[in-house]
There are 2 protein chains.
Amino acid sequence: MAEQHTDALDQLLELVVLLDDDMTQSLAREGLTVPRAHLAWLVHHNGPTTQRELAEALKVTPRNVTGLVDGLVAGGFVTRERHPTDRRATLVALTERGAASLAEMEKGHRDLAALLFGDMAERELDAFVEALGDVTSRLREGLQAAGEGGR
Amino acid sequence: MAEQHTDALDQLLELVVLLDDDMTQSLAREGLTVPRAHLAWLVHHNGPTTQRELAEALKVTPRNVTGLVDGLVAGGFVTRERHPTDRRATLVALTERGAASLAEMEKGHRDLAALLFGDMAERELDAFVEALGDVTSRLREGLQAAGEGGR
DNA sequence: TATTGTTATACTCTATAACTATA
DNA sequence: TATAGTTATAGAGTATAACAATA
């Protein structure tokens, strides 16, 4: 019945909460918060980036990026650099410490993946990932429909 | 290889982000935030509750509960009532509007579950839930070990 | 004119510490 | 003395609006 569906959703939400706790705690050990780490992650993968680009990627206001970068600068993770051609813009770049923290984060990411899925048989894992993909697609469509209908 | 593990984790995290967005948006339509809804949800399921009990259940400071209840009172979702025997304590109770919102939330919860899992074959769903449970257990054990080792 | 990032202001969630009223 | 909840203070994330410097 429908109860099996809500049981599955509750099981999924329980995992969501735990994952969030885990991530928050790990980042706190590095002296980072989730939004700051997200920003640093983007710089790590895309190289020096303007704040405007970061605001778009994070789906957040430019004002908010100012605050996040301020925090990361204070923590020694990034620096603000002059843009070579546009003097309005600033480039956010990782420091050595920032790069080291990001490398640590990537290691933590791989370790977490191994902890969660390392013992799972390959066929089982494939089925799980496929189910995750299906659920994600349905949710994305549902969100889109709600976004259109709700306006 | 290990890459399949990180792919699976990334797929899971993508779903986590979407679920969080969906929940935040749905609650915003009701005039609620996630922490306030969590508190109201507890009152809905346990009946009138002291702020101290809510602080423990939410794993949050008593000061924080004061703020959350203030917001819910301002929104007309709950009221503060005198405790019948302990004059230090206050009981947080749902208003009619609060109860109606919670009923709506429960309906949204069931609808979401149906959207995500309604099309899934029963065997598939069982396997998915079992895998979720396994992953959750491993994460919980890992978190505990890290919490002990990290101190 | 349009864009980049900032200051000004405000709201929410979170925490610690000091305090009031009651047990 | 201990407990329930508040005020005081602070930091982080988020937003809008007004503004400066630069395109």
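The chains referred to below are lettered A, B, ... by the order of the sequence lines, with proteins before strands, and numbering in each begins at 1.
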Closest listed nucleotide, where the reference is the side chain of [X] and the choices are [options]:
X: A:Gln51; options: C:dA8, D:dT3, C:dG5; answer: C:dG5
X: B:Asn64; options: C:dA15, C:dG5, D:dA4; answer: C:dA15
X: B:Arg63; options: D:dA17, D:dA4, C:dA15; answer: C:dA15

Test item: B:His45 side-chain N/O and B:Trp41 main-chain N/O as donor-acceptor pair under 3.5 Å: yes

Under 4.0 angstrom, heavy atoms only, what part of the nucleic acid is [X] near: base, sugar-phosphate, or nothing?
X: A:Val60; answer: sugar-phosphate
X: B:Arg36; answer: sugar-phosphate
X: A:Thr33; answer: sugar-phosphate

Stacked cation flag B:Arg36 on B:Phe77, 6.0 angstrom / 45 deg: no

Within residues 68-90 of chain A, residues whose heavy atoms come under 4.0 Å of DNA chain C: A:Arg80, A:Arg88, A:Ala89, A:Thr90

Nearest atoms (heavy-atom pairs only) where B:Val92 meets B:Leu39: CG1-CD2, 4.4 Å

Test item: side-chain donor near acceptor, B:Glu53 and B:Thr50, under 3.5 Å: yes

Sidechain N-carboxylate O distance under 4.0 Å for A:Arg140, B:Asp22: no

C:dG5 phosphate, OP1 or OP2, under 4.0 Å from A:Thr66 side-chain N/O: no

Distance, rounded to the nearest Å, where A:Leu54 contributes CG and D:dG13 contributes C1': 16 Å

